[in-house]
2 protein chains.
Amino acid sequence: MAAKKVLIVHAHQSSGSFNAAAKNAAVEVLTAQGCTVEVSDLYAMGFKATATAEDIKGEVKNADNFCYLEESKLAWEQGKLSDDITKEQSKLTEADLIIFQFPMYWFSVPAILKGWIDRVLTNGFAFSQDKRYSQGVFQDKKAMLSFTTGSLESMFSPTGINGDMNVTLWPLQNGILHYCGFQVLAPQIFWAPSAAAVEDRKSMLESWRTRLQGLLEEKPLSFVPLDCFDEAAFQLKPAVHEKHASEEFGLTVGIHLNKPLPPHSQMKAGC
Amino acid sequence: MAAKKVLIVHAHQSSGSFNAAAKNAAVEVLTAQGCTVEVSDLYAMGFKATATAEDIKGEVKNADNFCYLEESKLAWEQGKLSDDITKEQSKLTEADLIIFQFPMYWFSVPAILKGWIDRVLTNGFAFSQDKRYSQGVFQDKKAMLSFTTGSLESMFSPTGINGDMNVTLWPLQNGILHYCGFQVLAPQIFWAPSAAAVEDRKSMLESWRTRLQGLLEEKPLSFVPLDCFDEAAFQLKPAVHEKHASEEFGLTVGIHLNKPLPPHSQMKAGC
């Protein structure tokens with residue numbers, strides 16, 4: 001097996017944090033396996049989070065009615081994106097696996113990481129009308145979320161106060177990672193390390209180290225292939241819908257066909 | 001009825017955009033009704049999106065292991081939060097209704113708006129262990145999302161390629177707005193205005209203006225009251241679970257009890 005390249009996009013302010021320890025574990029274990037590991041430490045880099053006209057070198061096309069989606073696409077085509085974006089795009093192009101390491105803020109990624117997503121996954125570079133989902137630009141790459149929560153696991157269940165974590169993960173894993181074509185590996189969720197005993201935090205990191213040994217061979221999560229949808233309205237084709245009619249569960253969290261959600265489908269491969 | 005105060009948190013780069021027109025319509029119609037309307041125009045303000053130690057005046061408590069959740073709570077208690085945060089918190093405290101106006105980026109809010117959420121909704125100010133969800137700090141206030149999409153409505157359905165919009169809205173409406181106690185009004189979704197004819201964009205804005213006339217009297221979306229959960233593990237109480245056992249649908253999108261999701265529950269009141 002050829003040596004793999006890994007990019008870790010890391011979003012915690014402190015090098016003493018549990019998130020930093022999880023990032024360091026990934027660097028160590030993957031490097032020991034022969035991988036080349038690059039880290040984008042967003043706070044340390046002072047990474048710009050906001051999508052503005054400053055992301056484009058020179059004049060924009062339509063200053064009076066600036067549309068980031070269009071202007072950034074044009075700038076990418078013309079090599080006019082700002083250097084910080086271009087640099088991250090190069091790292092992404094090189095990588096076989098991208099790991100996003102962050103503390104969950106408000107049921108999602110911290111703003112600095114959302115800024116990386118908004119700015120680096122440029123229209124044209126990371127997706128296009130023709131290249132999305134299972135036909136996406138990055139279909140030969142893998143990506144995964146690795147994050148800490150403030151709440152206990154039981155609170156993020158279908159009977160818990162925060163609701164099913166699979167629902168919370170859908171916009172991130174389907175709407176960002178799978179949208180760009182990535183094969184999405186199961187998330188690594190560190191449940192409430194700040195509320196855990198030192199020993200338990202250690203064993204969380206140990207099990208992450210163990211998982212990292214075989215991470216690159218893991219099967220990705222399941223999503224619905226693009227050719228199951230018609231090309232006009234992007235609706236599930238009648239044949240697919242009918243074929244699935246007698247099944248107990250929906251196809252995925254989002255494409256649930258008004259059936260119960262398939263359990264754990266955003267958290268475990270093969271669900 | 002006493003005059004109401006409205007805060008619009010606006011996140012678009014251009015004053016010529018459809019989002020700006022939607023924001024302007026809200027300012028006009030609500031002002032004409034006697035409301036006092038304040039606008040936080042995040043890009044125009046150059047709003048800082050990233051949650052860093054600079055948000056705290058003076059020394060932080062634990063520089064070696066900086067934890068934003070804890071440090072910002074302490075800074076709020078001691079009046080040491082940075083002025084830009086304090087100013088937004090004052091606006092929020094004054095407001096009866098908050099409207100978030102933005103283009104959907106990657107199945108969520110743009111990073112600059114996520115930054116407002118991460119930084120302004122400070123631990124202690126906007127929530128605490130005891131004050132969350134239906135017992136939340138802002139239970140006397142209303143809040144809503146008003147946003148544009150790039151995709152057509154049909155694509156965000158339970159059989160569409162992007163999946164059910166109700167799923168995508170759950171982390172935002174439950175995990176942020178309802179978490180802080182807000183009564184969440186149905187979202188105003190402008191489906192793919194950039195793909196629409198001029199006449200259709202006009203009629204989208206007209207229907208928003210019509211809705212704005214009665215907005216303050218609308219019933220909010222339904223969520224599961226906090227007292228339905230036990231206080232130890234925050235699990236649905238057995239009595240509530242049993243009472244709901246014969247129902248066709250789950251309680252909400254997230255707290256679905258492994259049943260089909262209640263249709264439109266994040267998009268229409270009374271669902």
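Note on naming: letters A, B, ... go to the chains in the order of the sequence lines (proteins, then strands), and numbering restarts at 1 for each one.
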Q: Which of the residues A/A20, A/P158, A/S194 is involved in the greatest number of heavy-atom pairs with chain B at under 4.5 angstrom?
A: A/P158
Q: Between B/S157 and chain A, which part of the residue has a heavy atom less than 4.5 Å away: side chain, backbone, both or neither?
A: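 Interface part for B/S157: both.
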Q: Using 0.5 Å steps for rounding, measure from the CD1 atom of B/I161 to the SG atom of A/C228.
A: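 The distance works out to 10.0 Å.
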Q: Given that the side chain runs from C-beta out, which part of B/I255 has a heavy atom under 4.5 Å from chain A: side chain, backbone, both or neither?
A: both
Q: Which region of B/N174, side chain (C-beta onward) or backbone (N, CA, C, O), has a non-hydrogen atom less than 4.5 Å from a non-hydrogen atom of chain A, or is it both or neither?
A: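 It is the side chain, since no backbone atom gets that close.
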Q: Let me know if B/Y179 has heavy atoms under 4.5 Å from chain A in its side chain, its backbone, both or neither.
A: side chain
Q: Is a side-chain donor or acceptor of B/Q13 paired with a backbone partner of A/C67 at a separation under 3.5 angstrom?
A: no
Q: Which region of B/V224, side chain (C-beta onward) or backbone (N, CA, C, O), has a non-hydrogen atom less than 4.5 Å from a non-hydrogen atom of chain A, or is it both or neither?
A: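 For B/V224, there is no contact with chain A at all, as no heavy atom is under 4.5 Å.
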Q: Taking side chain as everything from C-beta outward and backbone as N, CA, C, O, which of these in B/H241 sits under 4.5 Å from a heavy atom of chain A? Side chain, backbone, both or neither.
A: side chain
Q: For A/Y43, is it the side chain, the backbone, both or neither that has a heavy atom under 4.5 Å from a heavy atom of chain B?
A: side chain
Q: In terms of heavy-atom pairs under 4.5 Å, which option from B/W116, B/F47, B/F223, B/Y68 contacts chain A the most?
A: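 Max contact count across the listed options: B/Y68.
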Q: Can you measure from CG (B/L69) to OH (A/Y105) and round to the nearest 0.5 angstrom?
A: 8.0 Å
Q: Is B/F249 in contact with chain A via its backbone, its side chain, both, or neither, using a 4.5 Å heavy-atom distance?
A: neither
Q: Taking B/A63's backbone N and O only, do any of them form a donor-acceptor pair with A/S14's side chain (distance below 3.5 Å, no angle check)?
A: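 No, A/S14 side chain to B/A63 backbone: no donor-acceptor pair under 3.5 Å.
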Q: Side chain, backbone, both or neither: which part of A/N162 has a non-hydrogen atom closer than 4.5 Å to chain B?
A: both
Q: Using a 6.0 Å cut-off, check whether atom NZ of A/K237 has over 12 heavy atoms from anything other than its own residue.
A: yes
Q: Does the side chain of B/P260 reach to within under 4.5 Å of the side chain of A/H256, using non-hydrogen atoms?
A: no
Q: Hey, does the side chain of B/K114 reach the backbone of A/V109 with a donor-acceptor pair shorter than 3.5 angstrom?
A: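 Indeed, once roles are kept as given, a pair shorter than 3.5 Å links the two residues.
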Q: Which residue out of B/L236, B/L152, B/V167 racks up the most heavy-atom pairs below 4.5 Å with chain A?
A: B/V167
Q: Could you tell me the separation between the CG atom of B/N258 and the CG atom of A/D164, rounded to the nearest 0.5 Å?
A: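 Interatomic distance, B/N258 CG to A/D164 CG, rounded to 0.5 Å: 7.5 Å.
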Q: Which atoms of A/L121 are under 4.5 Å from chain B, going by heavy atoms: the side chain, the backbone, both sets, or neither?
A: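 Answer is both: backbone and side chain atoms of A/L121 are under 4.5 Å from chain B.
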Q: Quick check on B/L113 against chain A: is it the side chain, the backbone, both or neither that has a heavy atom closer than 4.5 Å?
A: neither
Q: Counting distance only, does the side-chain N/O of A/D118 pair as donor-acceptor with the main-chain N or O of B/A111 below 3.5 Å?
A: yes
Q: Under 4.5 Å heavy-atom distance to chain A, tell me which part of B/R132 shows up: side chain, backbone, both or neither.
A: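 When you check distances to chain A, only side chain atoms of B/R132 fall under 4.5 Å.
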Q: Answer with yes or no after comparing the ring centroid distance for A/F107 and B/W170 against a 6.0 Å cut-off, counting only values under it.
A: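 A/F107 vs B/W170: aromatic centres not under 6.0 Å.
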Q: Count the heavy-atom pairs under 4.5 Å between each of B/L172, B/D230, B/L257, B/T168 and chain A, then report the option with the highest count.
A: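 Counting heavy-atom pairs under 4.5 Å, the top option is B/L257.
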Q: Supply the atom-to-atom distance A/W106 CH2 to B/I117 CD1, rounded to the nearest 0.5 angstrom.
A: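 Going from the CH2 atom of A/W106 to the CD1 atom of B/I117 covers 8.5 Å.
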Q: Supply the atom-to-atom distance A/L261 CG to B/K259 NZ, rounded to the nearest 0.5 angstrom.
A: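 Between A/L261 CG and B/K259 NZ, I get 13.0 Å after rounding to 0.5 Å.
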Q: Within the supplied structure, the quantity of interest is the number of heavy atoms (other residues, nucleotides, ligands) at a distance under 6.0 Å from B/H264 NE2; does it exceed 12?
A: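 No, because the 6.0 Å sphere around NE2 of B/H264 holds 12 heavy atoms or fewer from other groups.
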Q: Based on non-hydrogen pairs under 4.5 Å, which of A/G250, A/S17, A/P171 is most in contact with chain B?
A: A/P171
Q: Pair B/L42, A/T50 - check side-chain contact (heavy atoms from CB on, under 4.5 Å), show working.
A: CA-CA 10 Å; B/L42 300 184; A/T50 55; over 6 Å; no
Q: If every non-hydrogen atom of A/A233 is compared with every non-hydrogen atom of B/S154, which pair is closest and at what distance?
A: O-OG, 3.6 Å
Q: Among A/S108, A/G115, A/A51, which has the most heavy-atom pairs under 4.5 Å with chain B?
A: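 If we count pairs closer than 4.5 Å to chain B, A/A51 comes out on top.
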Q: Please report the interatomic distance CG(B/N65) to NE2(A/H12), rounded to the nearest 0.5 Å.
A: 7.0 Å
